[in-house]
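Single-structure report; data block below.
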Amino acid sequence: MKKKSIKTVFGKSIILIFFIVTFISAILTYIIVSNIREKSARKFNSSQVDFIKMRLESKMKRDINACLQLSKNIVVRSWLKNENNAEIKKFAFQIFNNFSNHLENKPGVYAVVHKSKRYYLKNKFESIISRKNKIDSWYFTSIEGGQKFLLDIDYDPKLNKTRFWINIPVIENGKVLGVVGTGIDISIFLKDMLKIKQKGAFIALFNKTGTIMAYKDKKYINKKNVFTLIKNKKEINATKTNMAKVYASENQNRIVDYFIHYKGKKYLSTIAFIKHINWFAFVFIDTSELIHFSQFYPILITTMISFISLFILIMFIANNMIIKRVMSLSSVMSQMKKGDLTVRAKVEKRDEIGELEDTYNLMVLAIKNYTENLEELVKERTEELEEKNKQITASIEYSKFIQYSILPTKKQFYDFCSDSFIIWKPKDIVGGDFYWYKKIQNNHLLAVIDCTGHGVPGALMTMTANSILNHIVDYEFKDPSKLLRELNSMLRITLHKQEMKKLSDDGLDIGLMLIQPENQKIIYSAARSYLFYFEKDEMKIIKGDKQSIGYENSKVNFRYTNHEIKIEKGQSFYLTTDGYLDQNGGKNNFSLGKTK
């Protein structure tokens with residue numbers, strides 16, 4: 001693994017922490033600023049609603065009360081009953097003039113006599129009111145609405161004036177006498193009231209049906225619905241719901257805040273109901289214009305500088321108190337790793353690192369002493385082991401001659417068959433593979449045996465197997481299968497299989513040939529071994545039974561198979577253990593195998 005400097009790792013960690021803290025601070029700042037914006041916007045909208053209600057109610061209430069007093073005047077009522085009475089008419093018109101003079105901007109008073117439907121403005125006859133004329137619908141709404149007064153607004157684009165009409169139905173004993181009222185020019189009043197210095201904020205006033213009564217764009221007044229300002233259906237439904245809430249509320253100061261989109265921007269809107277004039281006030285504000293993030297830049301920059309200064313200070317302190325000393329100790333330990341046991345750590349302070357440096361020095365001293373003693377001890381033990389190894393090797397070398405002595409001689413093979421060869425190369429000095437030969441009368445027995453194990457254990461098995469074969473061959477030489485069955489039984493008895501089941505499980509594989517020159521045939525029987533022979537340039541394989549000899553799971557009474565082969569001229573026979581077949585070689589280093 002590539003070595004990493006603690007200074008680099010610590011520095012990267014500090015930088016990572018710095019960026020994480022900065023990122024979290026930025027998110028928190030954004031959340032805090034957003035909350036401040038929203039709270040400020042709600043407060044701003046609430047104050048604007050209160051201001052609108054106060055001004056409108058103050059102005060309208062005064063004028064409405066004056067008109068209500070006018071409608072109750074005895075002379076005015078007498079005239080409405082007796083329109084053609086010149087004396088009463090004169091007094092009534094004087095009252096109208098006095099009323100007008102006491103109001104701001106001296107608006108003209110109008111009156112409609114219900115009986116004749118004659119409309120008077122500023123004491124002059126103007127027209128006859130008719131249901132067929134849509135312009136006159138305000139009159140019939142006033143007398144049929146059941147309200148004390150009806151408010152209407154009228155914008156004259158030619159004069160660029162907005163008039164606020166107060167319509168007071170005059171009713172006596174359930175009988176309609178007419179309507180009196182006045183039209184007050186509130187253009188300047190509304191213009192001043194709709195002015196908001198705050199950027200991104202505006203106001204709309206509308207009646208219960210949603211018709212806009214006052215707005216910054218005069219094209220909307222008395223012509224368009226407030227819902228035309230809102231395009232989103234969900235927000236339109238929310239506006240209708242909130243209108244119903246504030247209208248039905250017993251609390252006259254009830255307001256509802258919610259967000260809507262206007263011309264692609266998100267606005268916090270506040271809606272309130274002005275009970276005295278039956279209008280709704282709608283205040284909009286773009287919260288992003290209320291408080292800008294740039295206002296927090298000095299705080300953010302100061303915080304960033306503080307963080308950077310703090311991290312630099314931490315780096316400086318950590319470098320001098322920890323990192324330098326740890327790196328120095330690491331350098332000393334690297335030298336020790338290379339084998340230099342004379343180097344020592346410099347103990348500067350009596351703190352935790354100082355204790356670590358002191359402990360290291362004691363450890364190096366102990367290792368040095370132990371190494372010096374160990375080298376001497378290893379030298380002595382190595383000499384002892386070399387001597388013992390020589391003795392063991394000499395013993396095994398001698399056992400090779402003992403094992404070699406049980407093998408048939410080459411002369412025995414050449415006397416039997418001059419065209420023959422033997423390859424016997426144990427993996428170790430001695431091994432578990434051997435070959436066996438016996439001539440009895442005019443018959444020849446030839447076997448290749450693979451015993452369990454390699455080296456000395458395998459060699460001991462070969463001695464045992466050789467001894468048993470030499471013992472049983474005298475009475476079972478004519479039938480190779482019976483000879484193998486007897487070998488299986490005798491080997492199990494010899495190895496004490498019944499008593500030593502759990503200690504070991506040894507046995508052998510064997511290929512046995514009985515060659516009968518007189519009968520010109522070969523009888524082959526085998527336990528997990530193969531006979532390869534060539535006949536007329538074709539290789540043939542005889543497989544032995546899949547039943548090894550002498551093992552715990554080897555069946556005692558297993559009948560091995562005899563295979564008879566007629567001897568013909570030009571044949572060649574090969575017996576081998578799996579040690580030869582498992583030899584690796586060739587371009588791909590594969591084992592030889594049976595097919596090759």
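Using modelled atom types and a 3.5 Å distance limit, the side chains of D450 and T577 yield no donor-acceptor pair. T270 and Y258 share no side-chain donor-acceptor pair at under 3.5 Å. Side-chain contact of D479 with N562: a donor-acceptor pair under 3.5 Å is present, judged by distance alone. Q516 and N519 share a donor-acceptor pair across their side chains, judged by distance under 3.5 Å alone. Under the 3.5 Å distance criterion, with hydrogens and angles disregarded, no donor-acceptor pair is assigned to the side chains of T409 and Y414.
Side-chain atoms of L469 and L483, non-hydrogen and from C-beta on, do get closer than 4.5 Å to each other. Annotation: side chain of D433 is not in contact with side chain of C451 (no heavy-atom distance under 4.5 Å). Residues L460 and T464 have side chains not in contact (no heavy-atom distance under 4.5 Å, counting atoms from C-beta outward). Taking 4.5 Å as the limit, every side-chain heavy atom of I406 sits out of range of all side-chain heavy atoms of W436. The shortest distance between side-chain heavy atoms of K266 and D286 does not fall below 4.5 Å. In this structure, the side chains of E384 and E387 stay at 4.5 Å or more apart for every pair of heavy atoms. Contact check for L508 versus Y551: no side-chain heavy atoms found under the 4.5 Å cut-off. Looking at heavy atoms from C-beta onward, Y437 lies in side-chain contact with H444 at the 4.5 angstrom threshold.
Between the side chain of N389 and the main chain of L385, no donor-acceptor pair closer than 3.5 Å is present. Proximity of a side-chain donor or acceptor of S489 to a complementary backbone N or O of R485 within less than 3.5 Å is not detected. In this structure, the side chain of N466 does not engage the main chain of T462 through any donor-acceptor pair within 3.5 Å. Proximity of a side-chain donor or acceptor of Q571 to a complementary backbone N or O of K566 within less than 3.5 Å is detected. No donor-acceptor pair closer than 3.5 Å links the side chain of Q547 to the backbone N or O of A527. Using modelled atom types, one side-chain atom of N242 and one backbone atom of A238 make a donor-acceptor pair closer than 3.5 Å. Without hydrogens or angle criteria, S525 side chain to T561 main chain gives a donor-acceptor distance under 3.5 Å. Between the side chain of T452 and the backbone N or O of G507 there is at least one donor-acceptor pair closer than 3.5 Å. With hydrogens and angles ignored, the 3.5 Å screen pairs a side-chain donor or acceptor of T239 with a backbone N or O of E235. When atom types are taken as modelled, the side chain of E383 and the backbone of E380 share no donor-acceptor pair closer than 3.5 angstrom.
The OG atom of S405 sits 6.0 Å away from atom CE of M463, with the distance rounded to the nearest 0.5 Å. Taking CE of M513 as the reference point, atom CD1 of I523 lies at 11.0 Å (rounded to 0.5 Å). Between the NE2 atom in H454 and the NZ atom in K427 there is a gap of 5.0 Å [rounded to 0.5 Å]. Between atom CG of residue D537 and atom CE of residue M539 there is a gap of 13.0 Å, rounded to the nearest 0.5 Å. The CD1 atom of I549 sits 14.0 Å away from atom CG of D506, with the distance rounded to the nearest 0.5 Å. Rounding to the nearest 0.5 Å gives a distance of 11.5 Å between CD of Q412 and OG of S420.
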**OP:** Under the side-chain contact (heavy atoms from CB on, under 4.5 Å) rule, what do L484 and I510 come out as? Steps first, then yes or no, please.
**Re:** CA-CA 8 Å; L484 293 185; I510 181 173; 3.5 Å; yes

Original post:
What do the steps show when you test F416 against I515 for side-chain contact (heavy atoms from CB on, under 4.5 Å), and what is the final call?
Top reply: CA-CA 10 Å; F416 157 60; I515 304 167; 3.2 Å; yes

**OP:** Under the side-chain contact (heavy atoms from CB on, under 4.5 Å) rule, what do L28 and I24 come out as? Steps first, then yes or no, please.
**Re:** CA-CA 6 Å; L28 290 174; I24 292 171; 3.9 Å; yes

Subject >> Residue pair K438, N470: steps toward the side-chain contact (heavy atoms from CB on, under 4.5 Å) verdict >> reply: CA-CA 8 Å; K438 268 301 183 188; N470 287 335; 3.3 Å; yes

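Note on ring orientation: taking the six-membered ring where Trp is involved, the planes of Y262 and Y267 are perpendicular (angle over 60°, cut-offs 30° and 60°). Using cut-offs of 30° and 60° on the angle between ring planes, the pair Y435 and W424 is perpendicular.
Minimum interatomic distance between R492 and S554 (heavy atoms only, all atoms of both residues): NH1-O, 3.5 Å. When all heavy atoms of G431 and P426 are compared, the pair lying nearest together is N-CB, 3.9 Å.
Test I260, I230, N45 against S269 for side-chain contact (heavy atoms from CB on, under 4.5 Å) and you get one pass: I260. Exactly one residue among N553, D509, N488 makes a side chain to side chain donor-acceptor pair (under 3.5 Å) with S548. That residue is D509. Tested against L531, the residues I541, L512, I565 include a single side-chain contact (heavy atoms from CB on, under 4.5 Å) partner, I565.
Aromatic ring centres of F558 and Y560: separated by under 6.0 Å. For Y533 and Y574, the distance between ring centers is not under 6.0 angstrom.
In the displayed structure, H563 atom NE2 is contacted under 6.0 Å by more than 12 heavy atoms of other residues, nucleotides or ligands.
Seen from the ring of Y530, K543 does not count as a face-on cation partner, given the 6.0 Å and 45° thresholds. The side-chain tip of K240 points at the ring of F227 from less than 6.0 angstrom away and within 45° of straight on.
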